[in-house]
Every structure is written in structure tokens, then in C-alpha cells.
Amino acid sequence: MEFHVLAVDDSIIDRKLIERLLKTSSYQVTVVESGVKALEYLGLVDDENTNSNCVSTNRSTHHVEVNLIITDYSMPSVTGYDLLRKIKESAMLKDIPVVIMSSENIPSRINNCLEHGAEEFFLKPVQQSDVNKLRPHLMRGKCRTQNEQNIINKRKPLEECLSPDRTRPRFNDLALVQ
């Protein structure tokens, strides 16, 4: 199962680093250089100057499959926090996990982002150990998306999308009991 991550950062060095780390972890990656470009890509901005590489703002005609968004906090015009708020306010996108990155360790900023829906807050430079923390968020997001499809298609319930029942003892646990 391949996951698509949208990476947003105004620093080319940080963009290249996060892109390399994500690709090393076998993610499909789209990188953009600003919050504005991210909003355009996600279809959340009406702008007649939108270039032809960006997705149409009419989401009903063109749906972008993004499983996670990782964004820098400090960017001109639209900050990572602004992007987080817009995504969480969107009925179509609110379930996409958002991770914020920053080179500044400011507890009030970190708490504010987490309180408003960010899944994680990574301090830069982002490392492979940080990227390894993304998979559980991607799996949850994927299950949510599949559950919505199942409701539409009247297929399997969410329980069948989630990991196997954790209340059942594993083989190793049974060996210890005896």
C-alpha cells in the first residue's frame, strides 16, 4: 500500500531533506514551496492565476488523494498553522493527518498546533526516526477513508479495516500463560 504525502516548506534545503526521508520510507511525495501552493494543490483556493500544474479548485471534478500533509510552521503569507486550520475546517480534508515541523522549540506554539488538530510536531532538522512515526497516522487516515467508501458502497464495516482484534492473545502470550 503506497501512501501519498504532501510536503510543504519554503526552504529548498528542508524540502529536499524531507522529500529524501519520505522517499527512503517508500512514500509517494509531492513537494510545494508555500502554504498558498499547498492550498491550491488541495483545491482550497480560488485563484484565476492558478497555474495549469495545480489541481482545479472544483473538488467534485478532481479529487487529490493525499494521505498525510507535513508542513513547516514558519512560512510567508500562509503559515503551517494557517494551513492546518484551513484543512481541519474543510469537510473534504479534515481527516487528513497534518504534521507540523519547525526549527523553533516554542512550547506554546507546539501545544497550539496539537490542540488544533496536528498529529505531531517535529523539530528540525527532521530525522528518519521522526518519519518512522508517520505510519500509524497514515494507517488511521487510510482506514477512515476506506470506512467512508464502505458506507457509500455499503461494504465492510470499519472493524474489518482496522488491525486484527488486539484483545485476542498472541501466540507468544499463550505460551507464557501455560
Side-chain angles (χ1 to χ4, degrees), residues 1-44 53-55 63-90 92-149 158 161-164 166 170:
M1 180 183 307
E2 189 173 73
F3 294 106
H4 181 200
V5 178
L6 175 63
V8 188
D9 203 313
D10 58 323
S11 158
I12 188 158
I13 293 165
D14 288 329
R15 262 198 324 271
K16 293 287 183 197
L17 172 64
I18 193 69
E19 181 179 22
R20 187 172 47 97
L21 289 171
L22 290 165
K23 285 185 173 175
T24 299
S25 294
S26 302
Y27 296 120
Q28 177 191 337
V29 185
T30 298
V31 290
V32 293
E33 69 276 4
S34 70
V36 172
K37 292 282 186 205
L39 292 171
E40 288 174 0
Y41 184 81
L42 294 166
L44 288 177
N53 294 335
C54 290
V55 173
H63 177 68
V64 181
E65 170 94 21
V66 173
N67 304 109
L68 183 132
I69 298 160
I70 185 164
T71 179
D72 182 28
Y73 182 92
S74 299
M75 296 183 292
S77 190
V78 175
T79 67
Y81 179 72
D82 297 333
L83 183 59
L84 169 69
R85 294 293 303 264
K86 287 189 183 299
I87 290 163
K88 295 304 172 187
E89 289 166 4
S90 163
M92 293 288 292
L93 305 175
K94 69 179 191 302
D95 290 333
I96 297 175
V98 178
V99 173
I100 307 282
M101 311 175 282
S102 180
S103 53
E104 299 168 303
N105 189 355
I106 302 171
S108 59
R109 175 183 291 176
I110 295 168
N111 290 335
N112 201 23
C113 289
L114 295 173
E115 284 169 12
H116 285 94
E119 301 291 336
E120 299 272 355
F121 194 106
F122 294 156
L123 287 175
K124 290 180 177 181
V126 175
Q127 300 179 16
Q128 191 63 51
S129 58
D130 295 319
V131 171
N132 295 344
K133 296 176 189 172
L134 299 177
R135 196 159 292 274
H137 302 299
L138 286 158
M139 296 305 290
R140 272 203 305 277
K142 196 74 161 175
C143 282
R144 253 187 247 125
T145 305
Q146 285 176 348
N147 190 39
E148 287 164 10
Q149 273 306 119
L158 177 62
C161 174
L162 298 173
S163 59
R166 293 178 186 223
R170 280 184 262 140

Check your understanding: Checking side-chain contact (heavy atoms from CB on, under 4.5 Å) for the pair F122/Q127: CA distance, chi angles, key distance, verdict?
Key -> CA-CA 9 Å; F122 294 156; Q127 300 179 16; over 6 Å; no
Practice item. Tell me, with the steps shown, if N132 and S25 meet side-chain contact (heavy atoms from CB on, under 4.5 Å). Key: CA-CA 8 Å; N132 295 344; S25 294; 4.3 Å; yes
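In this structure, the side chains of Y41 and V66 come closer than 4.5 Å at one or more pairs of heavy atoms. Using a 4.5 Å cut-off on side-chain heavy atoms (C-beta onward), L22 and L134 make contact. Contact annotation: the side chain of D130 never approaches that of L21 to less than 4.5 Å [non-hydrogen atoms, C-beta and beyond]. Residues Y73 and I106 are not in side-chain contact: their nearest non-hydrogen atoms beyond the backbone lie 4.5 Å or more apart. Side-chain contact between I110 and I100: absent, with no pair of heavy atoms (C-beta onward) separated by less than 4.5 Å.
Between C113 and L84, the shortest heavy-atom contact is O-CD2, 3.5 Å. L17 and P125 get closest at one heavy-atom pair: CD2-CB, 4.2 Å. V36 and S77 get closest at one heavy-atom pair: CG2-OG, 3.7 Å. Shown here for E2 and S26, the closest heavy-atom pair between the two residues is CG-O, 4.0 Å. When every heavy atom of P97 is checked against every heavy atom of H137, the shortest pair comes out as CG-O, 3.4 Å.
Salt bridge annotation for K133-E120: absent, with no cationic side-chain nitrogen under 4.0 angstrom from a carboxylate oxygen. Electrostatic pairing of R15 and E19 does not count as a salt bridge here, judged by no charged N lying under 4.0 Å from a carboxylate O.
The distance from the CG atom of L44 to the CG atom of L39 is 5.5 Å, given to the nearest 0.5 Å. Atom NZ of K88 is separated from atom CG of L83 by 10.5 Å, given to the nearest 0.5 angstrom. One finds the CG atom of L42 at 5.5 Å from the CD1 atom of I87 (value rounded to the nearest 0.5 Å). Going from atom CG of D72 over to atom NZ of K124 covers 3.0 Å, rounded to the nearest 0.5 Å. With rounding to the nearest 0.5 Å, the separation of CG in L138 from CD1 in I96 is 11.0 Å. Annotation: the span from E65 atom CD to Q28 atom CD amounts to 9.0 Å, rounded to 0.5 Å.
Between H116 and Y81, the two ring planes are perpendicular [angle over 60°; tilted spans 30° to 60°].
N67 places a side-chain N or O within 3.5 Å of a backbone atom of H4 that can act as its donor or acceptor partner. Under a 3.5 Å cut-off, the side chain of S102 and the backbone N or O of E104 do form a donor-acceptor pair. Judged by distance alone, the side chain of D82 and the main-chain N or O of T79 form a donor-acceptor pair under 3.5 Å. Side-chain N or O atoms of S90 include none that pairs as donor or acceptor with a backbone N or O of K86 at under 3.5 Å.
Exactly one of I18, V8, T71 qualifies for a side chain to side chain contact (heavy atoms under 4.5 Å, CB included) with M101. That residue is I18.
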